[in-house]
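One-based numbering, in listed order, for ligands and for the atoms of each.
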Amino acid sequence: MAHLEAEYRDFRASVRRFANEEVAPRAAALDREQNPPVEAHAASLRLGLPGLPYPEHLGGGGGDMFAQCVAMEEIARVCASTALGISSSWIMMAVVNFGTEDQQREIVPQMTSGAARCAWGLTEPKGGSDLMAASTKAVRSADGWVLNGTKRFITNGGWAEWYLVFARTSEKRFGLFLVHKNDAGVSFGAPEKKMGMRGSPTSDVILENCVLPESRLLGDPERGAEYIGAALLKSRLQMSAHALGIAAGALDAALRYTSEREQFGQAIAKFQMVRGMVADMAIKVEAGRSVLRHACELLIAGDPEAKLHASIAKVMCSDAAMAVTTDAVQLHGGYGYLEDYAVERMMRDAKVTQIWEGTNQIQRLMIAKEVYEQI
Ligand SMILES: Cc1cc2nc3c(=O)[nH]c(=O)nc-3n(C[C@H](O)[C@H](O)[C@H](O)COP(=O)(O)OP(=O)(O)OC[C@H]3O[C@@H](n4cnc5c(N)ncnc54)[C@H](O)[C@@H]3O)c2cc1C
């Protein structure tokens, strides 16, 4: 994040040290072996990262949106999969915001201690962009609820213990449910084979007559869409920081490589065309960082304009991630195309940042709606 106050600078230095020492050395192997970041997740508990946004009275770090974005950017700078694996524990902030005290006391300590992990269950086989078309159903029973449906592309599917599932509770209304992986009627699809983010497991979550007690409903069964809207506003900023971290990591790699690689008797960093590309990469990173910082400020201040600026940050940071990683591969020449160099992984990891968390087309629709409403 640009121009951080002292408290965040110290925090950033600690996360950067953790990322360089504990995360970076494992990044290539996670990608190659398609394993989740078990060791880095455990090591991150020393800094309290899985519990960062949770309130201190529930064992969390009380870190605000700046702190969350700083942590996300620093980890994604060296390994996007690990950043996602650690930060996905933050999803259960929905329980703090909309759940009962009993739900908070049960679930939050599992996140802050690292005893359990969690996941969002929104997208379905028939679509992710049109969330209000979701067909997973939750029907009231004598003791609680019965859920049926399939959630697709679920990050941490099978790895997480807890799933926050968005399900239709009436013709036009939705609720949010806390589903545990050991609940009867829960199963998982085969792990998806992905272009990137290979150290982050993705699978279907299948619910077949999954019977839940009333205590697993989050808040009001008719206000799930509203809760998800509020939660997605925050996660959009976190995921912007994730994309920004990928872009910043690729810029770091390009700076190092172009300073060392020689052609025509000098470092390629001396060539004007290379310098122009590097300048454009730095412009994209810094612009994304500034827009993200502004969006965080608006969110923390409770300003309704945060919604517009979160969408702008999501588009700018993820487009920056794709463009900067592509240029970083270009600047590595043939070596950039090899698995031996991190920029190859970064370019594959970057693509999904334009797709998830509301695709960039959907973000642009939301931006246009907001700006037209301001006329
Ligand atoms: C690796 C990975 C991890 C994921 N993790 C999760 C997760 O943890 N939880 C979860 O719930 N989901 C997750 N997703 C799903 C992701 O959020 C969706 O893939 C995304 O929202 C897009 O939905 P879709 O794939 O159904 O594409 P579609 O909605 O079918 O869209 C296809 C294309 O049409 C475009 N399009 C759609 N509607 C419009 C429109 N009105 N105007 C213009 N263009 C439009 C889209 O932008 C896109 O380019 C993940 C996806 C991936 C790939």
Participant: Distance to 0.1 Å, residue and atom name: give those for the protein heavy atom nearest to atom 53 (C) of ligand 1.
Facilitator: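 Atom 53 (C) of ligand 1 sits closest to the protein heavy atom V352 CG2, 3.6 Å.
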
Participant: Does NZ or CZ of R293 fall inside the cone over F66's six-membered ring, less than 6.0 Å from its centre and within 45° of the axis?
Facilitator: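 Pair R293/F66 counts as cation-pi.
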
Participant: Any idea which heavy atoms bring M72 and S87 closest together, and the distance?
Facilitator: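 Residues M72 and S87, closest heavy atoms: CE-OG, 3.0 Å.
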
Participant: Does a side-chain N-to-carboxylate-O contact under 4.0 Å join E73 and R12?
Facilitator: no

Participant: Within the structure, is a non-hydrogen atom of G127 found at a distance of less than 4.0 Å from ligand 1?
Facilitator: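 The answer is yes, since G127 has a heavy atom less than 4.0 Å from ligand 1.
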
Participant: Considering heavy atoms of the protein only, find what lies nearest to atom 43 (C) of ligand 1 and give residue, atom and distance to 0.1 Å.
Facilitator: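 Sorting protein heavy atoms by distance from atom 43 (C) of ligand 1 puts Q361 CB, 4.0 Å first.
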
Participant: Is ligand 1 less than 4.0 angstrom away from at least one heavy atom of K194?
Facilitator: yes

Participant: Using heavy atoms and a threshold below 4.0 Å, how should the contact between L365 and ligand 1 be classified: side chain, backbone, both, or neither?
Facilitator: side chain

Participant: Say whether, by atom type as modelled, one donor and one acceptor occur between the side chain of R198 and the main chain of K194 under 3.5 angstrom.
Facilitator: yes

Participant: Taking non-hydrogen atoms only, is T359 closer than 4.0 angstrom to ligand 1 via side chain, backbone, both or neither?
Facilitator: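 Side chain only.
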
Participant: Verify the contact flag for atom 29 (O) of ligand 1, where contact means a protein heavy atom under 4.0 Å away.
Facilitator: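 Yes; the ligand atom in question has protein heavy-atom contact below 4.0 Å.
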
Participant: What residue and atom, counting heavy atoms only, is the protein's closest point to atom 7 (C) of ligand 1, and at what distance?
Facilitator: F153 O, 3.4 Å

Participant: Which residue supplies the protein heavy atom nearest to atom 36 (N) of ligand 1, what is that atom called, and how far is it?
Facilitator: S129 OG, 4.4 Å

Participant: Should the pair R216 and W145 be classed as cation-pi, given the thresholds of under 6.0 Å to the six-membered ring centre and 45° from the axis?
Facilitator: no

Participant: In the protein, what heavy atom is nearest to atom 9 (N) of ligand 1, and what distance, to one decimal place, separates them?
Facilitator: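 Of every protein heavy atom, W120 O, 3.2 Å lies nearest to atom 9 (N) of ligand 1.
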
Participant: Looking only at distance, does L122 have an N or O less than 3.5 Å from an N or O of ligand 1?
Facilitator: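 Checking ligand 1 against L122, an N or O pair does fall under 3.5 Å apart.
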
Participant: At their closest point, which heavy atom of L218 faces which heavy atom of Q103, and how far apart are they?
Facilitator: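 Looking at all heavy atoms of both residues, the closest pair is CD1-OE1, 3.6 Å.
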
Participant: Are the charged groups of R16 and E21 less than 4.0 angstrom apart, N to O?
Facilitator: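 Between E21 and R16 there is no salt bridge, as every charged N stays at least 4.0 Å from the carboxylate O atoms.
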
Participant: Determine whether any protein heavy atom is located less than 4.0 Å from atom 33 (C) of ligand 1.
Facilitator: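 There is no protein heavy atom less than 4.0 Å from atom 33 (C) of ligand 1.
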
Participant: Do W162 and N156 have side-chain heavy atoms sitting under 4.5 Å apart?
Facilitator: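 The answer is no, as the side chains (C-beta and beyond) never meet within the 4.5 Å cut-off.
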
Participant: Taking distance alone, with no angle check, do W356 and ligand 1 share an N/O pair under 3.5 Å?
Facilitator: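 Between W356 and ligand 1, no N or O pair is found under 3.5 Å apart.
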
Participant: Students should be able to answer this: which protein heavy-atom is nearest to atom 26 (O) of ligand 1, and at what distance?
Facilitator: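 I find the closest protein heavy atom is G128 N, 2.8 Å.
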
Participant: Could you tell me whether N360 approaches ligand 1 through its side chain, its backbone, both or neither, with non-hydrogen atoms closer than 4.0 Å?
Facilitator: neither

Participant: Classify the contact between T123 and ligand 1 as side chain, backbone, both or neither, using a heavy-atom distance cut-off of under 4.0 Å.
Facilitator: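 The answer is both, backbone and side chain.
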
Participant: Which protein non-hydrogen atom lies closest to atom 3 (C) of ligand 1, naming both residue and atom, and how far is it?
Facilitator: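 Closest protein heavy atom to atom 3 (C) of ligand 1: T155 OG1, 3.3 Å.
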
Participant: Under a 4.0 angstrom heavy-atom cut-off, which atoms of ligand 1 come close to I362?
Facilitator: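 Those qualifying, in numeric order: 38 (N), 39 (C), 40 (C).
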
Participant: Kindly say whether A321 contributes a backbone atom to a donor-acceptor pair with the side chain of K284 at under 3.5 angstrom?
Facilitator: no

Participant: Closest heavy-atom contact between L122 and I154?
Facilitator: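 L122 and I154 have their closest heavy atoms at N-CD1, 4.2 Å.
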
Participant: Can you list the atoms of ligand 1 that are under 4.0 Å from a heavy atom of I355?
Facilitator: 20 (C)

Participant: Does some side-chain heavy atom of V96 sit less than 4.5 Å from a side-chain heavy atom of P55?
Facilitator: yes

Participant: Between D220 and Y227, does a side chain to side chain contact (heavy atoms under 4.5 Å, CB included) hold up when you go through it step by step?
Facilitator: CA-CA 9 Å; D220 186 321; Y227 300 158; 3.5 Å; yes

